[in-house]
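Everything below concerns the one structure shown next.
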2 protein chains.
Amino acid sequence: MTEAKALTKNQTLVLGALSGANGPLSAYDILDRLRPEGLRSPLQIYRALAPLVEQGRVHRLESLNSFVACAHDHTHGHHSHSPVVFAICETCGQVTEFSDEKVAQQLRGWAKDVGFKTGKTTLELRGTCRTCLAA
Amino acid sequence: MTEAKALTKNQTLVLGALSGANGPLSAYDILDRLRPEGLRSPLQIYRALAPLVEQGRVHRLESLNSFVACAHDHTHGHHSHSPVVFAICETCGQVTEFSDEKVAQQLRGWAKDVGFKTGKTTLELRGTCRTCLAA
DNA sequence: TCTCTCTATGTCATGTTATTACATCTGACA
DNA sequence: TGTCAGATGTAATAACATGACATAGAGAGA
């Protein structure tokens, strides 16, 4: 098993901010939370986010222009790279992360048929979660 | 069969610009193309886009912050609302639009299981198309 | 130890995407 | 003709993201 890559100071701060939040944060939201730690510019946030997203420790939600800490465990250095689905509640902001092998398989099948080489997959559901529906 | 809704002048211009393009355009790209027609501000573009997207004549690509004309026929006023998948070639910019009932079904199944009410679904594949792979 | 180099960091400026607020125009129709 | 609603026009600004360049610190090797 490979070791998890060590994080730099700013990466640690950014990941901490996202882990501590109970929903997605924009880069500027993160910046506001980290001003007390001395961060001052958006670029510092974006620079820290890039490798975190790359490593899968943070996900970018394209439909919100914001970021969430990955719900899975990264302390042991490895995780699945099958595409992730995000269900985003527009009422409470909570994001549920899951992956679905059937969906992945189906998309791979389409790609194979038409000769498309898939890199990153974005799959986001916007709607209302069970809790908010009940309320 | 319901009739297609009539478009306003600016909506016609914007849809025309998107139909004429051979790939996705940002709102500001569209604006640049429509300056000769007298459009001057981003808001004019965004205002025209909103109902076009609403009606499904235009799709927004979240991962590119840009827009494409829907590949399907809207002249007869009706089209399927099953979620659409976009395959975006990062080399040539071409966007292929398709829908996959199995994927849709699978996602509906998940939503049902956890009690999530899905509104809009975003499903975008970034990668390389057959043509660009061959080149 | 010195210094070279690589990575991370800091800062300013700017580029790109999207909306708020408010004014004006136009056509339907009472 | 008056007025009302929808479409349009314009300025200003908010929100998201990156380019360019300077600085700091840690580790390798002379």
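Lettering follows sequence order; numbering is per chain, from 1. Source: prediction; values computed, not measured.
In this structure, N65(A) does not reach the dA18(C) phosphate: none of its side-chain N or O atoms is under 4.0 Å from OP1 or OP2. Here R60(B) does not reach the OP1 or OP2 of dT17(C): none of its side-chain N or O atoms lies under 4.0 Å away. T8(B) has a side-chain polar atom (N or O) that falls below the 4.0 Å cut-off from OP1 or OP2 of dT8(D).
Applying the 3.5 Å distance criterion, the base of dG6(D) shares no donor-acceptor pair with the side chain of R47(B).
Here the P atom of nucleotide dT18(D) and the CG atom of L49(A) are 10 Å apart, to the nearest Å. When rounded to the nearest whole Å, the span between CD of Q11(A) and P of dA8(C) equals 7 Å. For the pair E62(A) CD and dC16(D) C1', the computed distance is 12 Å after rounding to whole Å. In this entry the distance linking CD1 of I45(A) with C1' of dT11(C) reads 14 Å, nearest Å. Rounding to whole angstrom units, CZ of residue F67(A) and C1' of dA15(D) are separated by 13 Å. The CG atom of N10(B) sits 17 Å away from the P atom of dG6(D) (whole-angstrom rounding). One atom, CG of L13(B), and another, P of dA7(D), lie 15 Å apart when rounded to the nearest Å. Between the CG atom of L61(A) and the P atom of dC16(D) there is a distance of 13 Å, rounded to whole Å.
At least one donor-acceptor pair closer than 3.5 Å links the side chain of D29(B) to the backbone N or O of S26(B).
Taking the side chain as every heavy atom from C-beta outward, L107(A) and V103(A) approach each other to under 4.5 Å. With a 4.5 Å cut-off on side-chain heavy atoms, V14(B) and R33(B) do not count as touching.
Within 6.0 Å of atom NZ in K117(A), 12 or fewer heavy atoms from other residues, nucleotides or ligands are found, so the atom counts as exposed in its surroundings. No more than 12 heavy atoms of other residues, nucleotides or ligands lie within 6.0 Å of CZ in R40(A), so this atom counts as exposed by the packing criterion.
Salt bridge annotation for E62(A)-K120(A): present, with a cationic side-chain nitrogen under 4.0 angstrom from a carboxylate oxygen. Residues R60(B) and E124(B) are not paired through a salt bridge, judged by the lack of any N-O separation under 4.0 Å between the basic side chain and the carboxylate.
Bending across the helix from dT1(C)-dA30(D) to dA30(C)-dT1(D), expressed as the angle between its end axes from five pairs apiece, amounts to 10° (10° rounding).
Using bins of under 30°, 30° to 60° and over 60° for the plane-to-plane angle, the ring pair Y46(B)/Y28(B) lands in the perpendicular bin.
A distance of 6.0 Å or more separates the ring centres of F67(B) and H59(B).
Contacts between residues 16-44 of chain B and DNA chain D, defined by a heavy-atom separation below 4.0 Å, involve L39(B), R40(B), S41(B), L43(B), Q44(B), listed by number.
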